[in-house]
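Take a look at the structure set out below.
Residue numbers start from 1 in every chain, and the chains themselves are labelled A, B, ... in the order their sequence lines are given, proteins ahead of strands.
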Amino acid sequence: MSLLENLNPEQLAAVTLPDQSALILAGAGSGKTRVLTTRIAWLIQTGNVSPSGILAVTFTNKAAKEMLTRISAMLPISIRGMWVGTFHGLCNRLLRTHHRDAGLPQLFQILDSQDQHAAVKRVLKALNVDEDRFPARETQYFINAAKEEGKRAKDIEIADEFTRRYAEIYAAYDEQCQREGVVDFAELLLRTHELLSKNEVLREHYRSRFRHILVDEFQDTNRLQYRWLKLLAGPKTVMFAVGDDDQSIYRFRGAHVGNMTEFERDFRVENVIRLEQNYRSHGHILAAANALIGHNRKRLGKNLWTSAGHGEPVRLYEAQTDGYEARWLVEEIQSLRRSGMRLADVAILYRSNAQSRVIEHALFSEGLPYRVYGGLRFFERTEIKHALAYLRLAANPEDEGAFLRVANFPARGIGARTLEQLQEAARTQGTSLYEAAAGLSGKPGTALAGFLRIVDSIRAETQGLPLPETVEIMLAKSGLVAHYKSEKDGADRVENLGELVNAAAAFVSEEDEHDLQAFLAHAALESGETQAAEGADALQLMTVHSAKGLEFAAVFITGLEEGLFPHEQSVLEDDGLEEERRLMYVAITRARLRLYLSHAQTRLLHGQTRYNVASRFIDEIPEGVVKRLSSAPRYERLDELAWREPARTGAGSKPYHGFRIGQSVQHPKFGQGVVVNAEGSGADARLQINFGRQGMKWLALEYAKLTSA
DNA sequence: AATCCGTCTATTTTT
DNA sequence: TAGACGGATT
């Protein structure tokens, strides 16, 4: 059977597993997606199950799309009827279909995190909460964490004054959402979970429908998602979970790796299949990855191997400063380019976004094309949010978030005062802002009446029209385009608004869906590309987190310094260090042919020069696979770097009792460190030294046995 | 309604 | 250092 050609024995075993729940531990580059999609194709092709009996869940829309294309390429038949999507997308689908049972209006809107933040702020204001003690961001976090634990406000354990207040705010927030017909991300999950647990008929319906449930990136599931899966799985459902505990890097947003062991127990998994053959990286790179991750204690255990050769050694470079590190990157990349490497096949990775600036500067002055991932996405842009708010208001006048966002945008003389009166009126009459406005704007000439007229006319004139035209009419009627055209820096925004029409057209043709409601859900659930693909051959710059799932011929992991990577915040959290190490593991395993590691002795952070020790992760990679590149080259033309240098030439150069700031030293007990500061003189002379993982110490020169290293 | 200014704070991010 | 934000000013 051609489907199964070229599968290795473990992959084959996973794909053709009989009807029993299974956990597939799929290492980086082991053909995880291939196994998942081939499994689905195989189930269908062997007549085991019809497409409608399959539910496949992923985390990102990209992964879901990828899965669908690959499955359809393998099968001659239509796979309509199969449910493939993200947790949130599938919940949206279920809640739309059963909105009545779920207690939601048919046209419920979805709040993205931005919208949710604004909604929380409104609640805090309405309840007169002191925002210094209960910041909106933290409150939002509290509510989401509670929902992800499956808890409603009434289920919150009141431990103290704080939790009591939080629970009240949570309750008020939920009430507000319900009143306005809006649903946040966590609510999609929780509401679906409640719907299915309360409604036996529905539950049984789906349980008997979905014979096979397949989950991608299982290590990233949170507690609620796991409960959701358990609820949907009937006694006859076969679960197929694919994941890699070593690549679990999202604990900070609720991912619970423990789900993997719980899964083994809950679903009586008899054998765990390990996919350990790696088809991506050369041997030395894998050896580095294996050795590094071996330092973690909490693992299910797995060792990648490859039939490819050792390949090249891992290259390690130590720079004097972050500026020099960037210069070195440029040199190295130029030489890669000369050897025929495509820039798009080269990734520069860093732990946190702030690190990209120096690198970008160097690339820019050299004229090397690059593309930075991360940042604002299409549907998150202000002008797009404004436009969507008009559409939402036309679809659902109860949506207060949308109302408040655009009532006075473009400015039409509805000030804060008017809006407050309006909110007061709405509260006392128990109506929505829209209705209150309709009541208050008796005089047709008022600004408020004008606004309502705009919303009403958008609704009326777009009835039954195709989606792209609806968007165009909204853009014209709302005055958004006119407003941005008159603004001096508005050209980009006008262009983006035009792009929204295209997005609507693309949505119609791709999804074959003409409903405004569906488009709005799409906008909330899929925030779009970070940056339009340039198409050009450009270097890829991104955080290690966003590199997960990708691969490149050459990878640079930069800023490998204690405090940066592993990040200093992480060392305080329990399991924080292991998560950082997993992150490093993910970074290393992105590389196919060539891997570079680099760190700088000195780096400008938060406007201050910091002296950093090399990351412990460098030491955790075996010497045998590493090649140290000759140290910091001297550049003749320092002028190009001048903007980065002055901070350290001053204080750093004065010798102090034989030591200077920035110098590396060796201590018998604490090991290697860097002199950061000095004070006192004579017998009182003390040096402050950053020993990295041993911490920052003040040592008396008289006693400490320091040697320069 | 727009702009200015001082204060504050600095991981990682998808839906 | 830089950016985001809120309050006060024009």
Exercise for review: Would you tell me if any nitrogen or oxygen in the side chain of Arg357(A) comes within less than 4.0 Å of OP1 or OP2 on dT1(C)?
Suggested key: no
Review point. Does the side chain of Glu149(A) reach to within under 4.5 Å of the side chain of Arg223(A), using non-hydrogen atoms?
Key: yes
Study note, to complete from the structure: In whole angstroms, the gap separating P of dC5(C) from CZ of Arg137(A) amounts to 11 Å
Review point. Going by the angle between their ring planes, with limits at 30° and 60°, are Phe409(A) and Tyr484(A) parallel, tilted or perpendicular?
Key: tilted
Point to revise | Gap between atom CD of Glu579(A) and atom CE of Met584(A) - 0.5 Å precision | key: 15.5 Å
Exercise for review: Would you tell me if any nitrogen or oxygen in the side chain of Asn353(A) comes within less than 4.0 Å of OP1 or OP2 on dT11(B)?
Suggested key: no
Check your understanding: For atom C1', what is the distance between dG3(C) and dT14(B), given to the nearest Å?
Key -> 24 Å
Practice item. Taking the side chain as every heavy atom from C-beta outward, state whether Gln116(A) and Asn144(A) have any atom pair closer than 4.5 Å. Key: yes
Check your understanding: Does a distance-only test, which skips hydrogens and angles, find a donor-acceptor pair under 3.5 Å between the side chain of Thr543(A) and the base of dT13(B)?
Key -> no
Practice item. Report yes if a side-chain nitrogen or oxygen of Asn61(A) is closer than 4.0 Å to either non-bridging phosphate oxygen (OP1 or OP2) of dT14(B); otherwise report no. Key: no
Practice item. Measure the distance from CG on Leu224(A) to P on dT15(B) and round it to the nearest whole Å. Key: 17 Å
Check your understanding: In whole angstrom, what separates Ile557(A)'s CD1 from dT12(B)'s P?
Key -> 17 Å
Exercise for review: Tell me whether His567(A) is stacked on the nucleobase of dT11(B), counting only the six-membered base ring and applying the 5.5 Å and 30° thresholds.
Suggested key: yes
Check your understanding: What is the nucleic acid contact for Asp112(A), judged by heavy atoms within less than 4.0 Å: base, sugar-phosphate only, or nothing?
Key -> nothing
Review point. Is Gln355(A) touching bases, backbone alone, or none of the nucleic acid, heavy atoms closer than 4.0 Å?
Key: nothing
Check your understanding: Counting side-chain heavy atoms from C-beta on, which of dT13(B), dT14(B), dA10(B) comes nearest to His606(A)?
Key -> dA10(B)
**Study point:** Donor-acceptor pair between Arg371(A) and Tyr373(A) side chains, under 3.5 angstrom
**Key:** yes
Exercise for review: Would you mind classifying the nucleic acid contact of Ser113(A) as base, sugar-phosphate or nothing, using non-hydrogen atoms under 4.0 angstrom?
Suggested key: base
Revision key, fill the gap. Gln140(A) CD to dT15(B) C1', in whole Å, measures 13 Å
Check your understanding: Between Glu325(A) and Gly559(A), is there a donor-acceptor pair closer than 3.5 Å when you use the side chain of the first and the backbone of the second?
Key -> yes
Check your understanding: Touch check for Phe59(A), heavy atoms < 4.0 angstrom, all strands: base, sugar-phosphate only, or nothing?
Key -> sugar-phosphate
Review point. Among the nucleotides dT11(B), dT15(B), dT14(B), which one has an atom lying closest to any side-chain atom of His88(A)?
Key: dT15(B)
**Study point:** Separation of atom CD in Glu148(A) from atom P in dT14(B), rounded to whole Å
**Key:** 15 Å
Review point. Reckon Arg377(A) has a side-chain N or O less than 4.0 Å from the OP1 or OP2 of dT14(B)?
Key: yes
Point to revise | Integer-rounded Å distance: dT12(B) P and Tyr350(A) OH | key: 10 Å
Exercise for review: Could you tell me the separation between the CD atom of Gln569(A) and the P atom of dT12(B), rounded to a whole number of Å?
Suggested key: 11 Å
Check your understanding: Which one, dT12(B), dT15(B), dA1(B), comes nearest to the side chain of Thr86(A)?
Key -> dT15(B)
Check your understanding: Touch check for Gln116(A), heavy atoms < 4.0 angstrom, all strands: base, sugar-phosphate only, or nothing?
Key -> nothing
Practice item. For Asp245(A) and Arg299(A), indicate whether the former's side chain and the latter's backbone hold a donor-acceptor pair under 3.5 Å. Key: no
Check your understanding: What distance, rounded to whole Å, do you find between the two C1' atoms, one in dT12(B) and one in dC5(C)?
Key -> 23 Å
**Study point:** Ser352(A) vs Leu525(A), nearer the 5' end of DNA chain B by closest nucleotide
**Key:** Ser352(A)
Exercise for review: Under 4.0 Å between any heavy atoms, over every strand shown, what does Lys147(A) touch: base, sugar-phosphate, or nothing? Just pick one.
Suggested key: nothing
Check your understanding: Under the criteria of a ring-centre distance below 5.5 Å and an interplanar angle below 30°, is Phe87(A) stacked with the base of dT15(B)?
Key -> no
Practice item. Using a cut-off of strictly less than 4.0 Å, decide whether Lys121(A) has a side-chain nitrogen or oxygen near OP1 or OP2 of dC5(C). Key: no
Review point. Between Leu190(A) (CG) and dT15(B) (C1'), how many Å, whole number?
Key: 15 Å
Practice item. Just call it for Asp220(A): base, sugar-phosphate, or nothing, with non-hydrogen atoms closer than 4.0 Å on any strand. Key: nothing
